[in-house]
Amino acid sequence: MKKVSLTGDRPTGPLHIGHYFGSLVSRKELENEYESFVMIADVQALTDHFKEPEKVRDNVMEVALDYLAFGLDPQKTTFFIQSKIPQIAELTVFFSNLVTINTLKRNPTVKDEITEKKDLFGAKGEKLTYGFLGYPVSQAADITIVRADVVPVGQDQLPMIELTREIAEKFHRIYKTQIFPLPQAKLSQAPRIMGLDGNAKMSKSLNNAIFLKDSPEEIKEKIKTAKTDSFSTASYDPKKRPEISNLLLIYGLIHSITPQEAAKEMGSVNYTSFKSKLAEDLIKFLEPVREKRKGLEKKSAEVMNILTEGTQKTLARAEETINLVKKAMKIDY
Ligand code: ATP
Ligand code: MG
């Protein structure tokens, strides 16, 4: 039996180059070796976009188009929509007994996100919701409902995978059973691409990303205005010169060289020349994805079909898991 991989994205915007190098590349590698599930996490997106349901709905298709345009293969990967699997919501409720509020409040990724979302959760987090604080529990249910062995993710997700392992172990201990593999995170070659504004993470929600679908003009403009520093030529020093090092990292990734090698290649030209070369190369690099996406955009009914079929397949596996869970919890009346 093949091992299982699960991962996903929130439909809060189209995918960006952080996703490309942070997780899509490793998903493609796993596609052949593992039984692969990829989830569009609409329920999780609603935890901080509950006032914008249209945005979440529209971005389900955006994300699905990006998956296929990037080249994930629907014959090999099962795509599904989180809200269509009610067993995830059930499992979330059962798991919520196994996690303390303090554990969730200490989660470093959740902490950062609460700070970033002041408009929604208040300057001191005084308007923080139960749903947002609890999303890592729901994420543990996403992973365990398909009994995943491996989860290809970016660096920000490591605390979530660790929590999933803790919950699974606690479940096994209390209910004297062994249902879930203890999932391992799989980090890619570039587990964290910074934002073009200097933010620690490129993010759909922070307006600091290059999207896979961006036009050549958009890419040029974004790279041109990307934050650098007061030097005039580049060198790779992520601690002292994070913004320019991030641009070197991106340059290196699209040319399959290390950021140090990128610095050697680009360290003698001024920032303006480096940036225009980077923009040109990025435009070329993303061209096949952009072109394939244009074709797929005309076939949205087919794309929706792929999601529906994947959802059916996932439902069958989720049903198996929830039955095992209910039996172990003695609620299998
Ligand atoms: P949002 O702003 O809505 O949280 P996001 O850009 O963070 O969106 P997610 O859907 O939350 O994207 O993340 C999907 C996957 O992509 C996760 O595995 C995450 O770790 C990875 N990822 C997201 N941003 C980056 C990045 N900048 N570098 C590397 N990996 C990333
Ligand atoms: Mg995120």
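Counting starts at 1 for both ligands and their atoms, following the listed order. We're numbering straight along the sequence, starting at 1.
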Less than 3.5 Å apart, which donor and acceptor atoms pair up between the side chains of residues 62-71 and the rest of the protein, not counting sequence neighbours?
| residue | atom | partner | partner atom | Å |
| --- | --- | --- | --- | --- |
| Glu62 | OE1 | Lys213 | NZ | 2.9 |
| Glu62 | OE1 | Arg293 | NH2 | 2.9 |
| Asp66 | OD1 | Arg293 | NE | 2.7 |
| Asp66 | OD1 | Arg293 | NH2 | 3.4 |
| Asp66 | OD2 | Leu15 | N | 2.7 |
| Tyr67 | OH | Asp9 | OD2 | 2.6 |

Side-chain heavy-atom pair Arg290, Ile283 within 4.5 angstrom cut-off:
yes
Student check: side-chain heavy atoms of Asp112 and Asp156 closer than 4.5 Å
no
I'd like the residue list for ligand 1, meaning every protein residue with a non-hydrogen atom under 4.0 Å from the ligand.
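Within the 4.0 Å shell of ligand 1, which is judged on heavy atoms, sit Gly8, Asp9, Arg10, Thr12, His16, Gly18, His19, Gly22, Val153, Gly154, Asp156, Gln157, Ala190, Pro191, Arg192, Ile193, Lys201, Met202, Ser203, Lys204, Ser205.
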Under 3.5 Å, is there a donor-acceptor pair between the side chain of Asn323 and the main chain of Glu319?
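Present.
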Indicate yes or no for a side-chain donor-acceptor contact from Lys76 to the backbone of Asn32 under 3.5 Å, with no hydrogens or angles considered.
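Answer holds: no.
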Applying the side-chain hydrogen bond (donor to acceptor under 3.5 Å, both in side chains) test to Arg10, which of Asn59, Asp48, Asp42 qualifies?
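Testing Arg10 for a side-chain hydrogen bond (donor to acceptor under 3.5 Å, both in side chains) against Asn59, Asp48, Asp42 leaves exactly one candidate, Asp48.
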